[in-house]
Amino acid sequence: MLQNTGKLAGCTLFITGASRGIGKAIALKAARDGANIVIAAKTAEPHPKLPGTIYTAAQEVEAAGGKALPCVVDIRDEQQIGDAVQKAVDAFGGIDILVNNASAISLTGTLETHMKKVDLMLGINLRGTYLTSKLVIPHLLKSRNPHILNLSPPLNLNPVWFKNHTAYTMAKYGMSMCVLGMAEEFRGQIAVNALWPRTAIQTAAMDMLGGEGVSKQCRKADIIADAAYAILSRPKDYTGHFLVDEEFLREQGVKDFDQYAVQPGHPLLPDFFLDETPESLVEKMEQHGATPAFKPPSSSSATPTSGGPVETTFDAIKGVINEDVVKSTQGIYQFDLSGEHTGVWFLDLKTGSGSVGQGEPPTKADVVMKMDSSDFSKMFSGKLKPTMAFMSGKLKIKGDMTLAIKLEKLMNRMNKAKL
């Protein structure tokens, strides 16, 4: 575990959703420095299915060496947030750090998501984060080293992360957009950053989503707590970053990540919004004994698909092609893929606004590119340039060579869209 340095001693942290899970883990990490923790959460009475209350969390914070102020707060309620903020200022003299951790989730499609759920997710994730930040910022501006940390993902605009749960993605990305905007708005005054886990984290929410058996594929919340601690220990000019826990901790010198695993040595489940597709997450859960409560809808098409990273890549390509790309390219590509995800795909950048699909193109391809499916994924993620792949023998090209060079422009466009 990352060692405490004492840098948060005497600091006051206002943490939403801190009665359990990730929020509580961050609270306990800071408490070991002797920090003051405002536990802003809804659970005042024991819940039949969820562990902990604001009062049991407060006891743990004080046992760890911190001071605790438990406050009943629904972050959709402006009055409750305002009251908790004032209590924090009265008790501790100010607020130095805001951790926007509270979140709601429903991994359901548009037609299956009741508006009550949509309102809940937007109300907590987006509006609640914005509102809490708005009410705490006047006090952060008086702090010597103020921080806002949102538990939200990098803004990955690959359509695969929208198609199965548009409402949740909109709400969660709303938290990330708060980082994007507020980091620039308060640059030089308040550090505003986002933190997201590389793998699934063992929480009550994950148990509900993954079902029985998912916990052994998870890491403990301690990894997020350690990463958050390191971020919050930075000066206020460290701002505007979308950080992933494992990568950030490696930069801090952490090498042993088995210490964070619920079951060391067991394969880990990647988290949402990064590289793995929803379909592959479900597959990995089931392979290792979990029973996921969510499953992406199966395609009604009779044509088999290769799935996995290749399908994800073509979804991403579909999101960036348009008439301008077609006009500047004027070529039809055929990809003959071997290896783990064998199949034939096409990319039409010659007609209309462009199209992609599985199988051979409706009209003859101008260029046929043969390669391993893993190299195809690397090529379109920017890790392998077509020219280098060709020179190394990983890519065989039949047809118009200039079109292979033009393809690099499309890849650059895709990678910029991910940023």
Side-chain angles (χ1 to χ4, degrees), residues 11-31 35-62 64 66-105 116-117 119-140 143 146-152 171-172 174-175 178-179 182 190 192 195 203-205 221 224-225 228 232:
C11 290
T12 297
L13 287 76
F14 191 105
I15 307 177
T16 66
S19 59
R20 63 179 66 90
I22 290 171
K24 188 179 79 170
I26 294 172
L28 292 175
K29 182 72 176 180
N36 308 315
I37 311 295
V38 183
I39 302 165
K42 292 194 300 180
T43 310
E45 300 293 331
H47 191 281
K49 294 182 179 180
L50 301 173
T53 68
I54 57 173
Y55 302 111
T56 58
Q59 291 171 353
E60 291 183 60
V61 164
E62 296 194 342
K67 294 180 181 178
L69 177 63
C71 296
V72 177
V73 177
D74 180 338
I75 63 169
R76 294 170 293 176
D77 189 318
E78 185 171 359
Q79 184 65 50
Q80 288 187 19
I81 301 170
D83 289 347
V85 169
Q86 190 57 53
K87 287 178 182 177
V89 173
D90 291 344
F92 302 124
I95 300 173
D96 303 288
I97 293 167
L98 168 62
V99 178
N100 285 308
N101 166 70
S103 186
I105 183 170
K116 186 175 180 180
K117 280 284 188 184
D119 292 340
L120 177 71
M121 289 188 285
L122 292 174
I124 293 176
N125 303 3
L126 194 163
R127 184 180 182 276
T129 294
Y130 184 92
L131 176 58
T132 306
S133 300
K134 177 181 172 66
L135 296 181
V136 172
I137 283 172
H139 302 284
L140 295 179
S143 173
H147 279 259
I148 296 175
L149 180 63
N150 292 358
L151 275 296
S152 64
K172 202 65 187 176
M175 297 177 72
C178 285
V179 171
M182 292 179 189
I190 302 172
V192 186
L195 176 62
T203 62
I224 290 285
L232 299 174

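One-based numbering along the sequence shown.
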Would V73 and T132 count as a side chain to side chain contact (heavy atoms under 4.5 Å, CB included) here? Give the steps. CA-CA 10 Å; V73 177; T132 306; over 6 Å; no
Go through the steps for I124 and L120 under the test side chain to side chain contact (heavy atoms under 4.5 Å, CB included), then give the verdict. CA-CA 6 Å; I124 293 176; L120 177 71; 3.5 Å; yes
I would like to know whether L232 and L13 meet side chain to side chain contact (heavy atoms under 4.5 Å, CB included); could you show each step before the answer? CA-CA 10 Å; L232 299 174; L13 287 76; 4.2 Å; yes
Side chain to side chain contact (heavy atoms under 4.5 Å, CB included) between M182 and I190, worked out: CA-CA 9 Å; M182 292 179 189; I190 302 172; over 6 Å; no
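At a threshold of 4.5 Å between non-hydrogen side-chain atoms, the residues L149 and I97 do not count as touching. In this structure, the side chains of L69 and T12 stay at 4.5 Å or more apart for every pair of heavy atoms. Residues I81 and V85 form a side-chain contact, since some pair of their non-hydrogen atoms from C-beta on lies under 4.5 Å apart. Put simply, the side chain of V38 does not reach to within 4.5 Å of the side chain of I95, judged on heavy atoms. Between T129 and N150 there is a side-chain heavy-atom pair separated by less than 4.5 Å. Inter-residue side-chain proximity for S103 and N125 is flagged as met; some heavy-atom pair is nearer than 4.5 Å.
Rounding to the nearest 0.5 Å gives a distance of 8.0 Å between CD1 of I39 and CD1 of I15. To the nearest 0.5 Å, atom CG of residue L122 and atom OH of residue Y130 are 15.5 Å apart. L195 CG to I22 CD1: the interatomic distance, rounded to the nearest 0.5 Å, is 8.5 Å. Here the CG-CG distance, from L151 to N101, works out to 4.5 Å after rounding to the nearest 0.5 Å. Between the CG atom of L140 and the CG atom of L135 there is a distance of 11.0 Å, given to the nearest 0.5 Å. Distance check, rounded to the nearest 0.5 Å: NZ of K42 to CG of D77 gives 11.0 Å.
Side-chain atoms of D96 never come within 3.5 Å of backbone atoms of C11 as a donor-acceptor pair (strictly under, hydrogens ignored). Looking only at distances, a side-chain donor or acceptor of R127 sits under 3.5 Å from a matching main-chain atom of R76. A donor-acceptor contact shorter than 3.5 Å links the side chain of R20 to the backbone of G52.
With hydrogens and angles left out, the side-chain atoms of N100 and T16 include no donor and acceptor closer than 3.5 Å.
The 12-atom threshold is exceeded at CD of E62, counting heavy atoms of other residues, nucleotides or ligands nearer than 6.0 Å.
A search for side chain to side chain donor-acceptor pair (under 3.5 Å) contacts involving K29 returns N4, D226, not counting sequence neighbours.
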